[in-house]
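Just so it is clear: chains get the letters A, B, ... in the order the sequence lines come, proteins before strands, and each one is counted from 1.
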Amino acid sequence: MYAHPMNNAPTLNEFDVEAIRNDFSILKQENDLPLIYLDSAATSQTPDCVIEAMDGYYRTYNSNIHRGIYRISEEATAKYEEARQRIGRLINARRSSQIVFTRNTTESINLVAYSWGSANLREGDEILVTVMEHHSNLLPWQLLSQRTGAKVRFIEITDEGVLQLDGLERLLTDRTKLIAMTHVSNVLGTINPVQQLAAAAHAVGAKVLIDGAQSVPHFDVDVQGLDCDFLAFSGHKMCGPTGIGVLYGKSDLLEEMPPFLGGGSMIRSVQRESSTYADVPAKFEAGTPAIAEAIGLAAAVDYLNKVGLEAIFVHEHELLEYAHQKLSEIEGITIYGPKPRQKTGAITFNLEGIHPHDIAGILDTVGVAVRAGHHCAQPLMQKFGVIATVRASFYLYNKLEEIDSLSEGLLKAQRILTRRRR
Amino acid sequence: MNIYEEDILDHYESPSNYGTLENPDISYEEDNPLCGDQIRMDLKVEDGVITDLRFCGHGCTISQAAASMLTEEIKGQRLDEVKRLSKDDILEMLGIPLGPVRLKCGLLALKVLKAGAYGLKGWPGEEDEETK
Ligand SMILES: Cc1ncc(COP(=O)(O)O)c(C=O)c1O
């Protein structure tokens, strides 16, 4: 089996959530209602140190990178490349050139689908995904399938919401050229055995792309340990800013792949008819990148390292266990997904007879921010036979009392709406 | 202001004109893919006047209450008048402000009505969102 991130976690007794909350201005605002933010799986809050790092760029060395032969441009270039280093170290990439900056997870996956996918896939080939993918790890493959004739196939999930791996050999064959799978379900929180699946994929010669949007923010992800070929993730879900994401790739693959977008910065030399391209990662970073955001993301990585990803994981689990216990007591609730031990900090549910929008709407009246909808995972909703669910998700700055507020808000929703059903 | 006003909850609990019509002159149904709210509208139209109508569907309080209020408003009116109804008219009927996501819930019934009667497929209110 795979190494569960919980296995080596220290027992934690001095996680100081109030000190952490103090690092986030947004959580200290004085309003009529408290901000009980339970939607970090959609986007996480940004600590002041990240905002300050970006502010510092704009106030003291704002300039384009890789071009200016003057002091502030050299400083910006150095900071941008240093950010790449620090992010590479976070996921244990061998070299910083394996870190390509993109806008977000979605763009990272599309980059692979267009560049690697178009060059390597043809009719008769297969791409294996799971039923629990976020649309951003499904649509790029559907589009690739339309361009190339390669087929998208699905690993099913069980009623508990974990991958159905019995019979995998029927799905994973020598026609399979790629497994593209999420490390953690954004809806259920399920942690998938990606290391085991990567080994199985490599055994039939398939490549492996991991959607790390919901894993990299929450526990230690080691690309060499997992032996994945690609890993995609977003800055804004890991205390970083929006507008910056990462694609990690194995060097030989990145080097062979054709460019994705053409333009400035990605060239070696340009003639009228054709051009030669820069080395990776510059080959995939056409145009002026999100410089402040890359610097901000590196500050977020430093922040997460300072708090400690293991400590964050343990803290989230404490919240998750409590949430499961507390919400299970509510009559008429259906909680989707596996037991807390197999998950990161997200809990997805419905209350009988109440539309998820109304649940979220009433929670909003008591200051609780949750997500209601299909969570960009319609195939998963279809699997559970629902159109939408409510999701509460937790991160390092959440506290147990906030789960009490969630639970009270749900009871309020029932008081207002349950007997009103037609 | 609270979107769970009594008035809205009353319409949600016991909606007006709920159901379907036999042999309607106009019948149209649509859903909001974001949240799965669904509404069908059946209309009887004589000499350009809406003589009877029914709606049915499922969804959140806002989408269902707005549909109920809208049917009360337009019953007995000329069909032409429907074309002129806007996003603001619906907000006025509901009597509460709505954020961008819930707005779509509130407008679904009007969207269905306009699509059924005139083939207008857009979201009410989005026609005039060009930058000035
Ligand atoms: C598992 C997963 N993949 C991909 C994405 C897409 O991320 P982004 O919108 O930053 O591209 C998300 C965001 O919700 C996600 O949870």
Evaluate whether atom [atom1] of [X] has more than 12 neighbouring non-hydrogen atoms of other residues, nucleotides or ligands under 6.0 angstrom away.
X: A:E329; atom1: CD; result: yes
X: A:N31; atom1: CG; result: yes
X: A:R103; atom1: CZ; result: no
X: A:Q142; atom1: CD; result: yes

Item checked: Any side-chain heavy-atom pair of A:H357 and B:V101 under 4.5 Å -> yes
Check: What is the distance from atom CZ of B:R102 to atom CG of A:D358, rounded to the nearest 0.5 Å?
Finding: 5.0 Å
Notebook entry, point to check: At what distance, to the nearest 0.5 angstrom, does OH of B:Y12 lie from CD1 of A:I416?
Noted result: 12.0 Å
Check: In terms of heavy-atom pairs under 4.5 Å with chain B, which of A:I362, A:I387, A:I359 leads?
Finding: A:I362
